[in-house]
Amino acid sequence: MKLNEIREEARKKLAAMHARSERDLAALKTHLFGKSGVLTGLMKSLKDLPQDERPKAGKEINDVRVELAALCDKKEKELHRLAIEEALNAEQIDLSIDKPCRTVGARHPLNTVKNRLIDYFIGNGYVVYDSPEIETDYYNFQALNVPPDHPARDMQDTFFINDGILLRTQTSAGQIRLMEKFKPPIKMICPGRVFRNDDDSTHSPVFHQMEGLVVDKNVTLCDLKGTLESFAKFIFGEQPTIRFRPSYFPFTEPSVEVDVSCFKCGGKGCRVCKNTGWIEILGAGMVNRKVLENCGIDPDEYHGFAFGMGLDRITMIECAINDIKLLWENDVRFLRQFK
Ligand code: PHE
């Protein structure tokens, strides 16, 4: 083969190579420079030439060899770069593809109801007070006019941590803590978790209450009734019936309980309302003189009312939930319904 042909053929082959021509390049190199390669063959055949032609012919062959070797090197680098480019292109992610997006979370129904109530009371001039969940016997009971061994302690099955320390059974403890710090006029709500050893479809060992306390001059039972009636209208609308029932709490005198007609049976009687047609949502009353005295407030000058509502109960009525445990199970199928 003539030197020129070898060179032209090699150039053509190199020019035709693409990203996946690595093998072709290796084959071309062997074809040109290998032991039995064409250029090697030409070099070997120099010895057949007359002595005086050899240097010129040798130089020509060598020039082509150097030139083609450089071209092959260049091609090798180019192929390497092309291969990387091709791989990167193949791995490209198309961000414009329409994939189902992540689901957005939602507030827990209990928090929705709690926030609505807080908004309502803030709008009516109340401040929000935060009180500890781990309480002393004094704040949870004694200062609320429930001395040790008082039979009223049986109303609330208590989790004791040790002697004198317990998980608060009622947010009423917040009344005492607040009245020790602030003097009348007082208008506060205290929402939070409370704990009792109770367990059935309407009772959970952990539940939520929201305490309310108003202390000022000339506060009467009428103020309490009006406050609770307008609150009930705000949260339940005009539809369900509300009733006030005389009751007993050691820290209020007189005391009442407020019931709402059952959301499940509409008042006919069912499992949820224990066949009474009513669901109790809160306890309330006029603050007992003893409680005011315990907090250094003169009961002849100031009067007050207090109420404590069950947030879980109110949520159950609002959202027609028939088992309090659903509020705690965190089953997304349940929670999704409240988006
Ligand atoms: N703390 C009472 C309970 O948990 C409710 C209540 C609060 C009653 C305030 C009267 C006044 O049952």
Side-chain angles (χ1 to χ4, degrees), residues 114 117 121 126 128-129 131-133 135-147 150-159 166-179 186-198 200 202-216 219-221 223-229 231-232 242-260 278-292 294-295 297 299 302-315 324:
K114 184 178 89 177
L117 291 183
F121 282 106
Y126 289 70
V128 181
Y129 185 70
S131 192
E133 289 177 0
E135 258 307 356
T136 63
D137 191 288
Y138 176 77
Y139 285 103
N140 196 80
F141 288 126
Q142 291 170 42
L144 286 161
N145 198 30
V146 189
H150 191 285
R153 290 205 175 203
D154 288 349
M155 290 162 77
Q156 303 177 355
D157 247 333
T158 311
F159 290 116
L166 45 82
L167 295 179
R168 68 173 172 196
T169 59
Q170 48 188 354
T171 44
S172 302
Q175 287 188 32
I176 307 300
R177 288 191 176 268
L178 181 110
M179 283 192 284
I186 287 168
K187 259 181 128 178
M188 76 92 173
I189 50 166
C190 174
R193 268 193 289 195
V194 297
F195 309 84
R196 287 184 208 177
N197 197 355
D198 262 345
D200 62 40
T202 51
H203 293 85
S204 154
V206 188
F207 59 105
H208 299 77
Q209 282 190 336
M210 189 151 86
E211 196 78 7
L213 175 71
V214 173
V215 185
D216 204 347
V219 174
T220 70
L221 189 64
D223 296 315
L224 171 64
K225 199 157 182 263
T227 299
L228 294 181
E229 267 167 1
F231 147 77
I242 303 264
R243 75 171 181 190
F244 288 76
R245 193 160 37 80
S247 186
Y248 171 76
F249 298 102
F251 34 92
T252 47
E253 182 59 35
S255 302
V256 294
E257 274 175 315
V258 176
D259 301 335
V260 186
W278 296 95
I279 297 176
E280 180 202 324
I281 55 160
L282 63 85
M286 300 306 291
V287 180
N288 192 306
R289 298 175 60 87
K290 289 254 181 68
V291 174
L292 293 174
N294 287 341
C295 301
I297 293 172
Y302 291 103
H303 299 106
F305 65 74
F307 54 85
M309 55 183 79
L311 291 179
D312 311 71
R313 291 280 178 84
I314 293 173
T315 306
I324 197 168

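Each ligand, and each atom within it, is numbered from 1 in the order the structure gives. Since this is a predicted model, take the numbers as computed values, not measurements. Both backbone and side-chain heavy atoms feed into the values below; hydrogens, waters and symmetry mates do not.
Here is the list of ligand 1 atoms found below 4.0 Å of a heavy atom in Ala306: 9 (C), 11 (C). Close contacts of ligand 1 with Ser172, meaning ligand atoms under 4.0 Å from a residue heavy atom, involve 1 (N), 7 (C).
Atom CZ of Phe207 sits about 10.0 Å away from atom CG of Leu311, to the nearest 0.5 Å. For the atom pair CZ of Arg313 and CD1 of Ile281, the computed distance is 10.0 Å after rounding to the nearest 0.5 Å.
Looking from atom 2 (C) of ligand 1 to the surrounding protein, the closest heavy atom is Gln170 OE1, 3.6 Å. Of all protein heavy atoms, the one lying nearest to atom 7 (C) of ligand 1 is Gly308 N, 3.3 Å. Residue, atom and distance of the protein heavy atom nearest to atom 9 (C) of ligand 1 are Glu211 OE2, 3.3 Å. For atom 6 (C) of ligand 1, the closest non-hydrogen atom of the protein is Gly283 O, 3.6 Å.
Residue nearest to atom 4 (O) of ligand 1, selected from Arg196, Gln175, Met155: Arg196 (by heavy-atom distance).
Just one of Thr158, Asn140, Asp198, Asp157 meets the side chain to side chain donor-acceptor pair (under 3.5 Å) condition when paired with Thr169; it is Asn140.
Atom NZ of Lys225 has 12 or fewer heavy atoms from other residues, nucleotides or ligands within 6.0 Å.
At a heavy-atom cutoff of 4.0 Å, ligand 1 is contacted by the backbone of Phe307 but not by its side chain.
In this structure, a donor-acceptor pair under 3.5 Å is present between the side chains of Gln175 and Glu211.
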